[in-house]
Structure formats: structure tokens, C-alpha cells
Amino acid sequence: MTDEQQRADSFEIERIYPNCRDHVWAAWADREMKSKWFGNGLTEMDFRVGGVERGAFSNDMGEHTKEATFFEIKEKSRIVYAYSMAMNGTVHTVSLATVLFEDEGGGTRLNYKEQMCVIPPSDGAEGRKHGWSALLDGLHAYLADDSVQAK
């Protein structure tokens with residue numbers, strides 16, 4: 001973590017999944033499915049406009065908590081939510097995230113965009129992008145396994 005002045009930052013991650021959009025969307029919208037790729041840290045999920053999502057996990061840096069509110073849910077197309085990340089009780093990023101879902105050659109193109117306010121000390125966009133890259137890789141593994149089990 002760095003000790004700098006508060007700043008704005010952003011990042012974008014794109015993934016193409018071989019699964020249909022319905023399947024990828026369900027993995028974000030259904031709590032049971034999401035907990036399988038998002039990890040044990042998903043403690044609360046109310047997937048509706050105005051609903052909240054909370055999560056927590058620990059690592060060698062400390063205790064991390066996420067608190068989110070959903071602002072737009074356009075069925076199988078777009079999710080817009082805002083969330084904060086805190087470490088050991090201190091908020092260090094506040095973000096606006098947009099997740100877009102599009103058909104792509106029989107599969108799904110997912111575009112994750114995040115705009116954030118970084119409140120030092122924080123690992124900032126680099127830390128969020130690293131975390132979301134790992135989560136979206138976990139989504140890929142979950143969808144592949146879920147597809148095999150469905151056969």
C-alpha cells in the first residue's frame with residue numbers, strides 16, 4: 001500500500017466465456033452460483049436495484065470487507081453497482097462498477113469497468129484489477145465445471 005494523496009483511477013477487464021449469456025448472467029445473479037466462484041467471502045447478496053452485497057476475507061495484509069449497493073440491473077445485459085473496500089476497518093477505495101454482458105460467437109463477452117476513488121493508504125486500481133482478474137478467472141473455472149456437471 002502506498003501513502004499518497006486521494007486520487008481517481010480506473011481499470012477495465014474483458015473476458016470471453018464459451019458459455020451462453022444466460023449461464024454467465026445466472027452466475028452473477030444467483031447467490032448460490034456466485035458464492036461458488038466469488039469465494040466463501042460472500043456473506044450477503046440481495047440482487048435487485050437497491051439491494052446490497054457484502055463480503056469479507058482475510059489474508060496476510062489483514063481483514064478485508066466489501067459493501068456494495070446495486071443501482072441498475074438490466075436483465076442479462078448490464079449491472080451497475082457501487083462498492084467500498086476496507087482493510088482492518090478503514091475504507092481505502094470507493095468504486096462505481098459496470099458489468100456488461102454481450103453475445104460472442106455462441107459464448108459471452110463480459111466487460112468489467114471500474115472507476116474508483118483511492119483513499120491512501122491503498123493498493124488502488126492495481127489491487128482491485130488483480131483481485132477482479134482472479135475472480136473472473138474463477139468464474140471461468142466455475143462455468144466450465146458447472147457445464148460439465150450439467151451434461
Side-chain angles (χ1 to χ4, degrees), residues 1 4-57 59 63-87 89-147:
M1 296 221 189
E4 302 170 3
Q5 291 185 356
Q6 177 180 324
R7 68 184 187 285
D9 211 339
S10 64
F11 67 92
E12 187 172 340
I13 303 170
E14 187 172 89
R15 294 283 195 275
I16 298 175
Y17 299 103
N19 310 76
C20 70
R21 193 186 323 188
D22 287 348
H23 195 187
V24 178
W25 177 266
W28 281 78
D30 179 90
R31 181 186 174 141
E32 183 178 328
M33 291 176 75
K34 189 168 186 179
S35 67
K36 291 181 180 174
W37 65 269
F38 200 79
N40 295 332
L42 186 61
T43 59
E44 182 179 348
M45 182 175 161
D46 181 9
F47 190 71
R48 63 179 176 83
V49 172
V52 299
E53 181 176 283
R54 291 187 175 87
F57 68 93
N59 65 15
E63 179 70 23
H64 303 266
T65 54
K66 171 190 174 187
E67 295 194 14
T69 301
F70 295 103
F71 288 95
E72 181 185 44
I73 298 173
K74 186 174 178 187
E75 188 72 18
K76 300 176 188 167
S77 179
R78 182 174 52 235
I79 302 167
V80 178
Y81 65 99
Y83 77 100
S84 64
M85 286 296 299
M87 187 173 73
T90 301
V91 173
H92 60 88
T93 56
V94 179
S95 300
L96 175 65
T98 304
V99 188
L100 302 172
F101 302 79
E102 298 178 319
D103 293 330
E104 177 72 31
T108 303
R109 177 184 303 272
L110 184 143
N111 187 278
Y112 180 92
K113 299 177 182 183
E114 187 167 321
Q115 301 167 5
M116 61 182 13
C117 175
V118 180
I119 305 166
S122 178
D123 56 359
E126 183 178 311
R128 294 294 75 68
K129 187 172 184 177
H130 173 78
W132 274 105
S133 292
L135 287 168
L136 295 176
D137 290 347
L139 174 58
H140 187 306
Y142 165 73
L143 289 168
D145 185 55
D146 193 51
S147 294

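This structure is a prediction, so every number in the text was calculated from the model and none was measured.
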Peer 1: Answer whether the closest heavy-atom distance between the side chains of Leu110 and Tyr112 falls below 4.5 Å.
Peer 2: yes
Peer 1: Is Thr98 reaching over with its side chain to a backbone N or O of Lys113, donor-acceptor style, under 3.5 angstrom?
Peer 2: no
Peer 1: What I'd like to find out is whether the side chain of Met33 reaches to under 4.5 Å of the side chain of His23, using heavy atoms alone.
Peer 2: yes
Peer 1: Looking at Phe70, Phe38, Trp37, which hits ring pair (Phe, Tyr, Trp, His ring centres under 6.0 Å) with Trp28?
Peer 2: Trp37
Peer 1: Check Phe11 against Ala125 and note the closest heavy-atom contact, atom names and distance.
Peer 2: CD2-O, 4.0 Å
Peer 1: What's the separation between atom CZ in Arg7 and atom OG in Ser122, rounded to the nearest 0.5 Å?
Peer 2: 6.5 Å
Peer 1: Using side-chain heavy atoms (C-beta onward) and a distance below 4.5 Å, is Trp132 in contact with Glu114?
Peer 2: yes
Peer 1: side-chain contact (heavy atoms from CB on, under 4.5 Å), that's the test. Do Arg15 and His140 meet it? Break it down for me.
Peer 2: CA-CA 9 Å; Arg15 294 283 195 275; His140 187 306; over 6 Å; no
Peer 1: Determine, step by step, whether Ser77 and Glu72 satisfy the side-chain contact (heavy atoms from CB on, under 4.5 Å) criterion, reporting the C-alpha distance in whole Å, the side-chain angles of both residues, the deciding distance to 0.1 Å, and the verdict.
Peer 2: CA-CA 10 Å; Ser77 179; Glu72 181 185 44; over 6 Å; no
Peer 1: CD of Glu126: more than 12 outside heavy atoms within 6.0 angstrom?
Peer 2: no
Peer 1: Please check: side-chain N/O of Thr43 versus main-chain N/O of Arg54, any donor-acceptor pairing under 3.5 Å?
Peer 2: yes
Peer 1: When rounded to the nearest 0.5 angstrom, what distance separates CG in Leu96 from SG in Cys117?
Peer 2: 12.5 Å
Peer 1: Determine the minimum heavy-atom distance between Glu63 and Ala56, stating which atoms define it.
Peer 2: OE2-CB, 3.6 Å
Peer 1: Looking only at heavy atoms, which two atoms of Val91 and Ser84 are closest? And how far apart?
Peer 2: CG1-CB, 4.1 Å
Peer 1: Step through the shown structure and confirm whether more than 12 heavy atoms of other residues, nucleotides or ligands are within 6.0 Å of CD on Glu75.
Peer 2: yes
Peer 1: Below 4.5 Å, heavy atoms only, C-beta onward: do Thr65 and Glu67 meet side chain to side chain?
Peer 2: no
Peer 1: Can you see which heavy atom on Asn19 is nearest to which on Thr108, and at what distance?
Peer 2: O-OG1, 2.8 Å
Peer 1: Looking only at heavy atoms, which two atoms of Leu139 and Ala27 are closest? And how far apart?
Peer 2: CD1-CB, 3.6 Å
Peer 1: If you define the side chain from C-beta out and look only at heavy atoms, does anything of Glu53 sit under 4.5 Å from Leu42?
Peer 2: yes
Peer 1: Let me confirm one number: the CZ-NZ distance from Arg21 to Lys76, rounded to the nearest 0.5 Å.
Peer 2: 9.0 Å
Peer 1: Dump the intermediate steps for side-chain contact (heavy atoms from CB on, under 4.5 Å) on Arg128 and Asp123, then the final yes or no.
Peer 2: CA-CA 8 Å; Arg128 294 294 75 68; Asp123 56 359; 3.3 Å; yes
Peer 1: Just how far is it from atom NE2 of His64 to atom CE of Met85, taken to the nearest 0.5 Å?
Peer 2: 7.0 Å
Peer 1: I want to check something: taking the side chain as every heavy atom from C-beta on, are Ile79 and Phe101 in contact at a cut-off of under 4.5 Å?
Peer 2: yes
Peer 1: Does the ring of Tyr142 carry Lys36 above it, NZ/CZ under 6.0 angstrom from centre and within 45° of its axis?
Peer 2: no
Peer 1: What are the two closest heavy atoms between Gly124 and Met116, and how far apart are they?
Peer 2: C-SD, 3.9 Å
Peer 1: Less than 4.5 Å apart, side chain to side chain, heavy atoms only: is that true for Asn111 and Glu102?
Peer 2: no
Peer 1: Indicate yes or no: at least one non-hydrogen side-chain atom of Lys129 is less than 4.5 angstrom from one of Ile13.
Peer 2: yes
Peer 1: Got a salt bridge between Arg31 and Asp46, using NZ or NE/NH1/NH2 to carboxylate O under 4.0 Å?
Peer 2: no
